[in-house]
Structures are given as structure tokens and as C-alpha cells.
Trainee: 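Please read through the structure below; I'll follow up with questions.
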Amino acid sequence: MLKSHSCGELRKEHTGQVVTLAGWVHRRRDHGGLIFIDLRDREGIVQVVFNPEVSKTAHELANDLRNEYVIKATGEVAQRPPGTENRKLPSGEIEVIASDLEILNTSKTPPFYINEDVEVDENLCLKYRYLHLRRPRMKDNILLRHRVEKFMRDFLDAKGFVEIETPILFKSTPEGARDYLVPSRIHPGKFYALPQSPQQLKQLLMVAGFEKYYQIARCFRDEDSRADRQPEFTQLDLEMSFVDEEDILKLLEELFTSLVETVKPEMRLVKPFPRFSYAESMERYGTDKPDIRFGLEIRDLSAIVASSEFAVFRAAIQGSGKVKGICLPGCAGYSHKQLEELTELARANGAKGLITLALPLGGYTSLEQLTLDKVKSVAAKYLTIEQVKEMVRKFEAKPGDLMLIVAGEPKMVDKVLDELRREMGRRLNLIDLNLLAFVFVVGYPLLEWNDEAGLWEPMHHPFTSPCEEDIPLLDTDPSKVRARHYDIVCNGYELSSGSIRIHTRQLQEKIFHLLGYSSEEIEERFGHLLEALDFGAPPHGGIAPGIDRVVMLLAGGENIREVIAFPKNQGAIDVMSGAPSSVSEAQLDELHLKLKDEGIIQT
RNA sequence: GGCCCCGUGGUGUAGCGGUCUAACAUGCCACCCUGUCACGGUGGAGAUCGUCGGUUCGAAUCCGAUCGGGGUCGCCA
């Protein structure tokens with residue numbers, strides 16, 4: 001090793017030792033007679049002092065140092081002179097008095113700051129990703145990711161799980177997300193698909209008898225990116241035999257609780273993890289991935305306004321619609337412009353409009369004294385005071401609160417209010433950023449009716465087992481069948497869906513048929529799986545939490561690109577390498593491929 | 001594919017019809033400085049304001065198109 005110690009590890013206990021350090025020049029402070037260098041390596045930063053009285057040659061050479069030069073410096077660790085300690089630095093009590101300096105490599109001036117955490121155009125960061133990763137915050141994110149994955153491995157190993165790799169070149173199963181395809185050279189016209197997840201393979205490992213499997217698995221889905229989604233991502237994929245829902249949920253709760261306590265002890269958890277039924281989550285939060293770090297819960301006002309004169313409400317309720325709302329504390333004073341902004345947000349999410357009711361701040365001490373003329377709302381003249389009071393009671397609203405009401409199709413109403421709720425939770429600073437609010441969502445329906453396609457679709461995936469007692473309903477009323485399916489959600493992000501799987505051929509075939517597959521399709525796509533179920537498949541189930549999102553939440557980020565070493569941008573491009581890129585005609589030939597539009601062969 | 005936001009020295013921002021021959025901070029270069037730590041001081045270089053077109057006597061500024069980026073809807077079994 002070129003170094004005896006790392007920069008970040010030095011403390012006053014090292015005082016008196018002669019150490020050799022190697023790292024990057026983080027910052028240079030040249031006082032003419034005296035030069036201070038903040039030397040940075042993976043472990044942190046330490047101050048190195050160049051004093052001509054200690055070494056004239058080292059001091060002279062230090063004159064040439066610039067940011068990001070790579071250097072090796074030898075010197076004695078010394079306690080800093082009293083009054084010059086730097087409490088902002090863990091190594092701030094000491095410094096290294098350099099007696100020798102070697103420049104291992106020079107550096108061009110970086111295209112953006114490495115020693116300051118100012119936001120820079122993301123494409124530039126991605127182009128010079130290796131420089132961006134030098135930033136302490138980015139470096140810490142990647143190290144955090146390492147600790148998370150290490151913890152998961154250790155935890156599951158201790159629980160008797162076996163880590164097993166599964167193929168990246170696998171078979172296309174065209175339902176679900178779009179596949180990434182890999183053309184076969186040996187088999188003209190045939191393709192592998194990159195796995196959207198190792199779902200089938202892990203089930204087959206259960207049939208194989210491994211009982212407890214896990215893998216930190218890369219998954220590939222060719223769909224448009226989002227802040228929390230990119231084409232390739234990582235899951236902690238796990239599967240267990242001879243378990244029920246309770247076993248999986250208990251394992252997850254223990255895993256995440258001890259993970260947070262180990263790698264991020266300063267963050268708080270809600271324990272035990274609350275459980276919501278799908279119906280309850282939709283009812284109270286308008287979504288199946290609720291952020292429960294704050295209130296502003298949705299309330300159903302349909303019953304209250306059922307007999308309303310107000311055409312907007314009446315029309316909604318007489319159709320198959322709902323009237324629901326949320327209540328914003330202390331927002332009654334919102335200006336016309338602010339209300340218009342909220343209405344715009346509602347419209348952007350599909351609402352025709354937004355009804356607002358502002359409760360006066362003063363003028364009534366008990367609800368009895370509230371009169372209609374004091375309530376500020378375009379709907380006031382169509383409502384009775386009793387209806388308004390009922391709403392106030394339903395929201396437990398206080399004087400000065402603002403009620404936001406949306407009417408229409410239930411799906412739209414939920415979506416709009418979910419959006420408004422999360423936006424206002426942020427704006428009103430109701431969110432505790434140090435809190436990780438994990439929740440389990442259970443009791444999902446097995447199937448969802450797709451009106452456009454005119455067939456049943458699985459809510460999760462076609463391998464999810466229905467609840468035993470609901471199996472007869474598959475023939476009579478499929479919408480009523482509950483799934484043995486659970487989700488884990490944290491701070492409004494879905495970390496994973498999981499389920500107890502179907503483990504008999506008969507039931508699996510029945511589900512495939514219900515989903516509209518012909519016998520031939522079933523055989524072609526899932527024949528290998530069905531055959532496996534015939535050979536003594538054990539009852540089994542599992543889940544696969546998304547590691548990128550977990551690390552993002554632990555890092556306090558809002559974007560998974562901050563916790564992936566080499567991410568792709570929104571257009572699925574690796575800005576650093578330029579992938580995807582053109583290939584030569586020879587390569588295409590070998591793969592028996594021909595581009596449809598010869599023009600696009602040019603770069 | 002739809003919608004919203006953003007493109008101004010290396011970086012981050014300001015300017016939003018004329019006074020812009022484009023401002024500020026930082027970075028960069030040179031010189032000075034022995035206790036700084038976002039060191040300080042003096043001086044200097046560095047931008048045809050993403051691109052194209054239009055409106056106008058006059059465009060960084062207004063309009064249109066286009067390209068690039070971010071967010072989001074659709075999509076994500």
C-alpha cells in the first residue's frame with residue numbers, strides 16, 4: 001500500500017506517529033509561508049500542513065498543488081495549536097505536518113465543484129459520474145448502499161436463507177412490463193429476455209427444495225423512467241416454503257426494523273408497522289401506497305350531501321360517483337390565487353373542479369353558532385347549515401380550516417385527493433423528515449376488470465394465490481376474490497408487492513384460463529412452471545423489496561439516481577458511455593438482424 | 001404520445017423590450033500573505049444568453065418551431 005493510514009481515520013490518538021497518506025486534494029489554502037491542504041480519501045478528510053521550516057522541498061512542491069491532484073504525503077500527526085482546532089471535521093483536533101510530498105497524478109480543473117454540494121445540471125453530473133461520486137454526499141450514499149446490502153445478506157444468512165444466482169438471459173413472457181430482448185446468434189430469429197424479476201425462477205427453487213432463497217437481483221423493465229424508477233433496478237428477492245402471510249410480514253418487519261436501527265440509528269420508525277386493508281387505505285388516503293407521516297386524511301362526504309341542491313354533488317352521487325374531501329388546518333385565509341392553484345392541481349389530475357369551504361377564524365366558539373353566511377364558498381348557497389356542520393364534524397375541522405372537496409368517479413376522486421393531500425403535506429411542512437413510516441397493505445382483490453381489453457387482469461401477478469375460502473367465487477364473482485397478497489410501503493413509496501403463490505397445477509391453470517389465456521398459450525409460456533408444480537411443489541411465498549428505493553429513503557433522497565453508481569437518465573441513456581449506441585453491420589449480420597429504417601443505422 | 005417546469009462565462013444564479021459594450025457569487029490564472037479551514041488581499045482572463053425562424057427601429061428579454069434536461073400522466077404482471 002502507498003499509504004499507512006487513511007485520511008479520515010486519523011484522531012488525536014495518532015499524535016506523534018509518522019504516517020503516510022494518499023488521496024485527493026480537496027482544498028488548498030496557501031498562506032504564502034504556510035500551505036494547508038485538505039486531503040481527502042474514501043474515509044474522510046484531514047488537514048496536511050506544509051511548512052518550509054519543516055521541509056523546504058515539500059513546501060515548494062505544494063505550491064503546485066491544485067484541486068483533485070492525487071498526492072502522497074508523509075509526516076507526523078500533531079495536535080493542532082490551541083484555538084485552531086476545527087470542530088466541523090472529525091479529524092479536526094489534529095493535522096499532519098508534512099515532511100515529504102509526492103504528486104502521484106495531476107488533474108484538470110473539474111467541470112463542477114467536488115468540494116461543494118451545490119446542485120449541478122444532472123446530465124453533466126452523469127457524464128462525469130466518476131467525479132460526481134467523489135462528492136462526499138454521493139460517496140456516502142454509495143457506502144450506505146453497501147452497508148444496506150451487507151446487512152441484508154448477513155440478516156438473511158443468519159435466518160437460514162441461501163443466496164442463489166439466477167440467469168440474466170431468460171425467456172420472454174410478454175405480459176407485464178415490456179421486455180428487454182437479446183437476440184440469439186446461434187438461433188436465428190430467436191431472443192432471450194432480460195428478467196423483469198426472477199419470479200418464476202425463485203418459485204422453481206422452492207420446487208427444488210431450497211426452502212429459503214434470496215438474491216440481490218437485478219431486474220429489467222423497458223418502461224418510461226421516473227424519479228423512483230429506471231430501466232434496471234435492484235430487488236432483494238426472497239422466497240420461502242411452508243409459510244403463510246404472517247411469516248413473511250414478520251420477517252420483513254424484523255428485517256427493516258433492524259436494518260434502520262443498524263445503518264441509520266438517527267432515523268425513527270413506527271413500530272409495529274401499521275397494517276391497512278386495501279379498502280381502508282383507499283378510503284383514508286386514496287391510494288394503496290399511503291404516506292402516513294402526516295394526517296390530512298380523506299373523508300367521504302357522499303352521505304352528507306346526498307340530498308344536496310348542489311348540482312355538482314348531486315350529479316356525482318346519482319351516477320356511480322363519490323363526494324370526498326380533505327381538510328387543511330389554518331388555510332381558510334388562502335387567496336383567490338392560491339385556491340386557483342389548488343383547483344388547477346385538481347384539474348391536472350382529472351377533476352372537473354374543486355369545491356373549497358373556508359371556515360371563519362373567529363365569529364363562532366361552538367359549532368352551534370356557525371352560520372352559513374360566515375362560510376366562504378361558492379357552494380354555500382346550495383348547502384344547508386346542517387350539511388356544513390356535518391362536514392365540519394366529519395373532518396373534526398377547526399375555525400380557520402379550509403375544506404377541499406372533489407366530486408365525481410371514485411377512482412378520479414381518490415387520485416385527486418391523494419395528490420392534493422401529499423402536495424399540501426409538503427407545503428404545510430407536516431412531514432417529519434426523520435421518520436420512516438413503514439406500513440403493510442393487505443387484503444387486495446386478486447383480479448381487476450380491464451374494461452378496455454374486456455378481461456380480468458391480475459392485481460399483482462398471475463402466480464398469486466387466492467384466499468382458500470374465496471376459490472369458489474372464481475366461478476361466480478371473480479371481483480370478490482381476495483388475494484394472498486401484501487404490499488410494504490414506506491413514506492408513500494411502494495417498496496414491494498409479495499404474495500403466497502399458487503402451488504398446484506390445477507389452480508394455476510384455472511387462473512390462467514380466467515385471465516383469458518388459451519391452453520396453447522399457457523403451455524408455450526408457462527409449461528415449464530406448470531410441469532414443476534406437478535412434481536411436489538411445496539406451499540411457498542415471498543416478496544422482493546426494491547433496494548434502490550430503500551436506500552433512497554434511508555439517504556433522505558428524492559431520486560434513485562442518487563443511490564445508483566451509474567444510473568441512466570430519464571431517456572434511458574447512460575450519458576457517460578453513450579449507451580445505447582449503434583453497432584456495426586457485421587454485428588447485426590451475425591445476429592441475423594436488419595434495421596427497418598436504414599437511416600437510423602447512422603449515429 | 002399528453003401536460004408542467006428549466007436551458008445566460010467552467011459551475012450556480014440575476015437580468016425578462018432600449019441605459020446589456022450582459023451583472024453577482026464561486027471557480028480558473030498571476031502576484032502578495034506563517035494558523036487557515038468556504039482563509040484573506042490585489043489584478044486578470046473567461047458568455048455571440050441551447051438552436052432556428054418571426055415580431056420590432058431595436059430581442060437574453062415577446063411569439064413560434066426545434067433540440068436537450070427534469071417532473072408527471074399514460075405505462076411499470
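Numbered from 1 within each chain, the chains take letters A, B, ... in sequence-line order.
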Trainee: Kindly confirm whether the side-chain ring of A:H31 is stacked on the base of B:C33, judged by centres under 5.5 Å and planes under 30°.
Mentor: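 No; centroid distance or tilt outside limits.
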Trainee: Compare the minimum distances between each of B:U11, B:C76, B:G70 and the side chain of A:F112, then state the nucleotide with the smallest one.
Mentor: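 Of B:U11, B:C76, B:G70, B:U11 is nearest to the side chain of A:F112.
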Trainee: Hey, is the side chain of A:K88 poking within less than 4.0 Å of OP1 or OP2 on B:A38, counting only N and O atoms?
Mentor: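 For A:K88, the contact criterion (side-chain N or O under 4.0 Å from OP1 or OP2 of B:A38) is met.
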Trainee: Between B:G53 and B:C67, how far apart are the two C1' atoms, rounded to whole Å?
Mentor: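 The same atom, C1', in both gives a distance of 14 Å.
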Trainee: If I take atom CZ in residue A:R422 and atom P in nucleotide B:G71, what distance separates them, rounded to the nearest angstrom?
Mentor: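 From A:R422 CZ to B:G71 P: 15 Å.
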Trainee: Can a side-chain donor-acceptor contact be found between A:Q215 and A:D237 if the only test is distance below 3.5 angstrom?
Mentor: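 Side chains of A:D237 and A:Q215: no pair found under 3.5 Å.
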Trainee: Within the pair A:N51 and B:U34, is there a side-chain N or O less than 4.0 Å away from OP1 or OP2?
Mentor: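 For B:U34, OP1/OP2 do not have a side-chain N/O of A:N51 under 4.0 Å.
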Trainee: Distance check, P atoms only: B:A60 and B:G7, in whole angstrom units.
Mentor: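 So the two P atoms sit 16 Å from each other.
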Trainee: Taking the side chain of A:L124 as its heavy atoms from C-beta onward, which of B:U11, B:U34, B:G27 lies nearest to it?
Mentor: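 It is B:U11.
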Trainee: Between A:G32 and A:G92, name the one whose nearest nucleotide on RNA chain B is closer to the 5' end.
Mentor: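 In this pair, the answer is A:G32.
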Trainee: Taking only N and O in the side chain of A:R27, is any of them less than 4.0 Å away from OP1 or OP2 of B:C39?
Mentor: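 Answer yes for this pair, as a side-chain N or O of A:R27 is under 4.0 Å from OP1 or OP2.
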Trainee: So, A:Y493 and A:D291: side-chain donor and acceptor under 3.5 Å apart, yes or no?
Mentor: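 Per modelled atom types, A:Y493 and A:D291 side chains form no pair under 3.5 Å.
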Trainee: What nucleotide, of B:U36, B:G10, B:G71, holds the atom closest to the side chain of A:R29?
Mentor: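 Among B:U36, B:G10, B:G71, the one nearest the side chain of A:R29 is B:U36.
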Trainee: Could you tell me whether the side chain of A:E95 has a donor or acceptor atom within less than 3.5 Å of a complementary atom in the base of B:G35?
Mentor: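 Check passes, donor-acceptor contact within cut-off.
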Trainee: Considering only atom P, compute the distance from B:A23 to B:C49 and round it to an integer number of Å.
Mentor: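 Pairwise P distance, B:A23 against B:C49, rounds to 15 Å.
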Trainee: CD1 of A:I97 versus P of B:U36: gap in Å, rounded?
Mentor: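 Going from CD1 in A:I97 over to P in B:U36 covers 14 Å.
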Trainee: Answer with yes or no whether A:R80 presents, from its side chain, a donor or acceptor under 3.5 Å of a partner atom in the base of B:C37.
Mentor: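 Side chain to base: pair present.
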Trainee: If you check the A:R561 side chain, which of B:G74, B:A30, B:G70 turns out closest?
Mentor: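 Given the options B:G74, B:A30, B:G70, the side chain of A:R561 is closest to B:G70.
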Trainee: Would you say the base of B:C76 and the side-chain of A:R229 have a donor-acceptor pair closer than 3.5 Å?
Mentor: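 Yes, the side chain and the base share a sub-3.5 Å donor-acceptor pair.
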Trainee: Taking any heavy-atom pair under 4.0 Å as a contact, classify A:T464: base, sugar-phosphate, or nothing.
Mentor: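 No contact.
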Trainee: Once you apply a heavy-atom cut-off of 4.0 Å, does A:D224 come out as touching a base, just sugar-phosphate, or nothing?
Mentor: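 It contacts base atoms.
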Trainee: Side chain of A:Q47: nearest nucleotide among B:G12, B:U36, B:A38?
Mentor: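 Comparing B:G12, B:U36, B:A38 against the side chain of A:Q47, the answer is B:U36.
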Trainee: Using heavy atoms to find the nearest nucleotide of RNA chain B for A:N569 and A:K415 separately, return the residue whose nucleotide is more 5′.
Mentor: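 The answer here is A:N569.
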Trainee: Between B:A38, B:G74, B:U11, which one does the side chain of A:Y113 approach most closely?
Mentor: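 In terms of side-chain proximity for A:Y113, the closest of B:A38, B:G74, B:U11 is B:U11.
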Trainee: Heavy atoms from C-beta onward define the side chain here; which of B:G70, B:C28, B:G35 lies closest to that of A:N67?
Mentor: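 Side chain of A:N67 sits closest to B:C28.
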Trainee: Would you measure the distance from the P atom in B:A47 across to the matching atom in B:U42 and give it in whole Å?
Mentor: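 To the nearest whole Å, 24 Å.
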Trainee: Rounded to whole Å, please give me the gap between CG in A:D222 and P in B:C76.
Mentor: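 Rounded to whole Å, this separation is 12 Å.
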Trainee: Describe the nucleic acid contact of A:E122 in one word from base, sugar-phosphate, nothing, applying a heavy-atom distance below 4.0 Å.
Mentor: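 Touches sugar-phosphate only.
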Trainee: Which nucleotide in the list B:A38, B:U72, B:U11 gets nearest to the side chain of A:A227?
Mentor: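 So the side chain of A:A227 is nearest to B:U72.
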Trainee: Does a side-chain N-to-carboxylate-O contact under 4.0 Å join A:E409 and A:K322?
Mentor: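 Answer for the salt bridge query: no.
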Trainee: Write down the distance separating the P atoms in B:G15 and B:C6, rounded off to the nearest Å.
Mentor: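 Comparing P positions in B:G15 and B:C6 gives a spacing of 12 Å.
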Trainee: Counting only heavy atoms not in A:W24, do more than 12 fall under 6.0 Å of its CH2?
Mentor: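 12 or below, so no.
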Trainee: What class does the angle between the rings of A:F512 and A:F526 fall in, given that below 30° is parallel, 30 to 60° is tilted and above 60° is perpendicular?
Mentor: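 Correct class here is parallel.
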Trainee: Which whole number of Å gives the distance between the P atom of B:C24 and that of B:C37?
Mentor: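 It works out to 25 Å between them.
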Trainee: Could you tell me the separation between the CG atom of A:D121 and the P atom of B:G9, rounded to a whole number of Å?
Mentor: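 It works out to 11 Å between those atoms.
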Trainee: Decide if the gap between the ring center of A:F440 and the ring center of A:Y486 is smaller than 6.0 angstrom.
Mentor: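 Not under 6.0 Å, so no.
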Trainee: Would you kindly give the NZ-to-C1' distance between A:K127 and B:G69, to the nearest whole Å?
Mentor: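 Going from A:K127 (NZ) to B:G69 (C1'), I get 14 Å.
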Trainee: What contact category does A:Q199 fall into here, base, sugar-phosphate, or nothing, at under 4.0 angstrom with non-hydrogen atoms?
Mentor: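 Base contact - A:Q199 has a heavy atom under 4.0 Å of at least one base atom.
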Trainee: Quick one: which of B:G12, B:C75, B:G71 gets closest to the side chain of A:V120?
Mentor: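 It is B:G12.
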Trainee: Rounded to whole angstroms, how far apart are CD1 on A:I45 and C1' on B:A38?
Mentor: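 Whole-Å distance recorded here is 12 Å.
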Trainee: For B:G68, give the paired nucleotide (Watson-Crick: N1-N3 plus N6-O4 or O6-N4; G-U: N1-O2 and O6-N3; both under 3.5 Å), or none.
Mentor: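 Looking at the geometry, B:G68 pairs with B:C6.
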Trainee: Which whole-number value in Å describes the distance from A:R226 CZ to B:U72 C1'?
Mentor: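 Taking atom C1' of B:U72 as the reference, CZ of A:R226 is at 6 Å.
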Trainee: By the 4.0 Å heavy-atom rule, please label A:P111 as base, sugar-phosphate, or nothing.
Mentor: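 If one applies the 4.0 Å heavy-atom cut-off, A:P111 turns out to touch the sugar-phosphate alone, with no base involved.
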Trainee: If I compare all heavy atoms of A:E9 with all of A:H14, which pair ends up nearest, and what's the gap?
Mentor: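 Looking at all heavy atoms of both residues, the closest pair is O-CE1, 3.3 Å.
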Trainee: Across all strands shown, which nucleotide pairs with B:C62 by Watson-Crick or G-U wobble geometry, both distances under 3.5 Å?
Mentor: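 When the pairing criteria are applied, B:G54 turns out to be the nucleotide that pairs with B:C62.
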Trainee: Using a 4.0 Å heavy-atom cut-off across all strands, classify A:E344 as base, sugar-phosphate, or nothing.
Mentor: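 Touches nothing.
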Trainee: Under 3.5 Å for both donor-acceptor distances, Watson-Crick or wobble: does B:A23 have a partner, and if so which one?
Mentor: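 B:U13 is the nucleotide pairing with B:A23.
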Trainee: Is there a side-chain contact between A:L446 and A:H485, using heavy atoms and a 4.5 Å cut-off?
Mentor: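 No - every pair of side-chain heavy atoms lies 4.5 Å or more apart.
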Trainee: When you compare B:G1 with B:U11, how far apart are their C1' atoms, in angstrom units rounded to a whole number?
Mentor: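 Taking atom C1' in both B:G1 and B:U11, they lie 35 Å apart.
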Trainee: Side chain of A:T109 only, please: which of B:C28, B:G12, B:G35 is the nearest?
Mentor: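 Of all the options, the side chain of A:T109 is nearest to B:C28.
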Trainee: Going by distance alone, is a donor N or O of one side chain under 3.5 Å from an acceptor N or O of the other, for A:Q200 and A:H528?
Mentor: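 Result is yes, a qualifying pair exists.
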Trainee: Once you apply a heavy-atom cut-off of 4.0 Å, does A:N349 come out as touching a base, just sugar-phosphate, or nothing?
Mentor: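 A:N349: no heavy atom of the nucleic acid under 4.0 Å.
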Trainee: Rounded to the nearest Å, what distance is computed from the CZ atom of residue A:F36 to the C1' atom of nucleotide B:A38?
Mentor: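 Nearest whole value for this atom pair: 15 Å.
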Trainee: C1' atom, B:G17 versus B:A22: distance in rounded Å?
Mentor: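 After rounding to an integer number of Å, I get 15 Å for this pair.
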